[in-house]
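A short write-up of the structure that comes next.
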There are 2 protein chains.
Amino acid sequence: MECAGVASDTPFTPGQARACTVREVLDRVGGKWSIGILVAASQGPVRFTELERQIEGISRRMLTLTLRNLERDGLLHRRVYPTVPPKVEYTATPIALELYESLVALTSWAERHRSTIAAARAAYDREHDRA
Amino acid sequence: MECAGVASDTPFTPGQARACTVREVLDRVGGKWSIGILVAASQGPVRFTELERQIEGISRRMLTLTLRNLERDGLLHRRVYPTVPPKVEYTATPIALELYESLVALTSWAERHRSTIAAARAAYDREHDRA
DNA sequence: CAGGATCCTGGCTGATACTG
DNA sequence: CAGTATCAGCCAGGATCCTG
């Protein structure tokens, strides 16, 4: 079974199939650092240390792990120059660039409703935690 | 500091600001069940038990928790009917419906590249784990 | 029916140190 | 420079039992 039981011949709500598809994306880029890396690599080839500086707060370990996952899913291309000291460049693949475009709608949504959400949150908290 | 150091007057890469915005969205709907619930509630009012059945695999606990979070962020409206036994209906708010629309681009991306990604993954695994 | 309370686990994550 | 290795902590999420 994958994606909460929405598999082969399982009878499911049509809407939940869409939810399932969205989850596929989130499973890949939902990690804490994936988007940041993807965005950085979408501007052109970036080196390991450049990323480390741009993604403020990321550890070497998480940078490596996230890069590996993105590479595995075909979202990043890794090019190694056999020089000394070593040089490695990461580049967003075409499908990563497409993904990047698809994210625009999300950022637009977030920007439009940022304050609304903050207000809702404040109202909820006022009403609930001090009952 | 919020969103990996991208705050007020911090000098940061413009691209990372966008990454930061995307993260805002993911922090709200990136949970394992959020999208499924949002999708279900977008079709019209749904009751607790209906959700429990539709979201196959979810536990009562996570259903409750996720509903609370979505309500807190103003994505769901919760209506209680003071009957016995109790009846509670959850409805997607306008901004949730807008979000739902924004997700279409993502599902489309996932569908277009599902097989490409699977292939990349297979290739990567073939090449790496049995070295 | 629609939850709340508790306990517990696995995986993601961070910190630190070492290396080809 | 671009990693790898190891240890330790946290928290989302699951299992189970209880209730207005």
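Below, chains carry the letters A, B, ... as their sequence lines are ordered, and counting in each starts from 1.
- Residues passing the ring pair (Phe, Tyr, Trp, His ring centres under 6.0 Å) test with Y124(B) are H128(B), sequence neighbours excluded.
- Heavy atoms only, all atoms of each residue included: V46(B) and Q54(B) are closest at CG1-NE2, 4.2 Å.
- Rounded to an integer number of Å, the gap from R47(A) CZ to dC1(D) C1' is 7 Å.
- Identified under the ring pair (Phe, Tyr, Trp, His ring centres under 6.0 Å) test for residues 47-100 of chain A, with sequence neighbours left out: none.
- The distance from atom CD of E52(A) to atom P of dA15(C) is 12 Å, rounded to the nearest whole Å.
- Counting only N and O atoms by type, the side chains of S108(B) and R112(B) include a donor and acceptor under 3.5 Å apart.
- Partners of D73(A) according to the side-chain contact (heavy atoms from CB on, under 4.5 Å) rule, which considers only residues two or more places apart in sequence or in another chain, are R28(A), L75(A), I117(B), R121(B).
- Put simply, NE2 on H128(B) is 14 Å from C1' on dT4(D), counting in whole angstrom units.
- Closest of all the heavy-atom pairs between T93(A) and G74(A) is OG1-O, 2.7 Å.
- In the region residues 67-84 of chain B, proximity to DNA chain C at under 4.0 angstrom, judged on heavy atoms, holds for R68(B), R78(B).
- Rounded to a whole Å, the CG atom of L26(B) is 15 Å from the P atom of dA12(D).
- Residue Y90(B) places at least one side-chain N or O under 4.0 Å from the OP1 or OP2 atom of dG3(C).
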Just the atom pairs and distances: protein N or O near nucleotides 7-13 of chain C's N or O, under 3.5 Å.
residue: dT13(C); atom: O4; partner: R61(A); partner atom: NH2; Å: 3.2

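- A heavy atom closer than 4.0 Å to some atom of DNA chain C occurs in no member of residues 35-43 of chain A.
- Taking all atoms of both residues into account, the shortest heavy-atom contact from T107(B) to R18(A) is OG1-NH2, 3.7 Å.
- At a threshold of 4.0 angstrom between heavy atoms, the contacts of T64(A) include nucleobase atoms, whether or not backbone atoms are also involved.
- Shortest non-hydrogen contact noted between A19(B) and G36(A) is CB-CA, 3.8 Å.
- Rounded to an integer number of Å, the gap from F48(B) CZ to dA2(C) P is 7 Å.
- Note on residues 34-48 of chain A: no pairs pass side-chain hydrogen bond (donor to acceptor under 3.5 Å, both in side chains), not counting sequence neighbours.
- E101(B) meets the side-chain contact (heavy atoms from CB on, under 4.5 Å) test with V104(B); sequence neighbours excluded.
- Here the closest non-hydrogen pair linking A92(B) and L97(B) is CB-CD2, 4.1 Å.
- A straight line from CD1 of I58(A) to P of dG14(C) spans 8 Å, rounded to a whole angstrom.
- Considering only residues two or more places apart in sequence or on other chains, T91(A) meets the side chain to side chain donor-acceptor pair (under 3.5 Å) condition with none of them.
- Here R53(B) pairs with nothing under the salt bridge (charged side-chain N to carboxylate O under 4.0 Å, His left out) rule; sequence neighbours left out.
- As rounded to whole Å, 17 Å separates atom C1' of dA2(C) from atom CD of Q54(B).
- Applying the salt bridge (charged side-chain N to carboxylate O under 4.0 Å, His left out) rule to R78(A) yields no partners; only residues at least two apart in sequence or on another chain are considered.
- To the nearest angstrom, P of dG3(D) lies 13 Å from CD of E50(A).
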Can you pull every protein N or O that's under 3.5 Å from an N or O on nucleotides 17-20 of chain C?
none

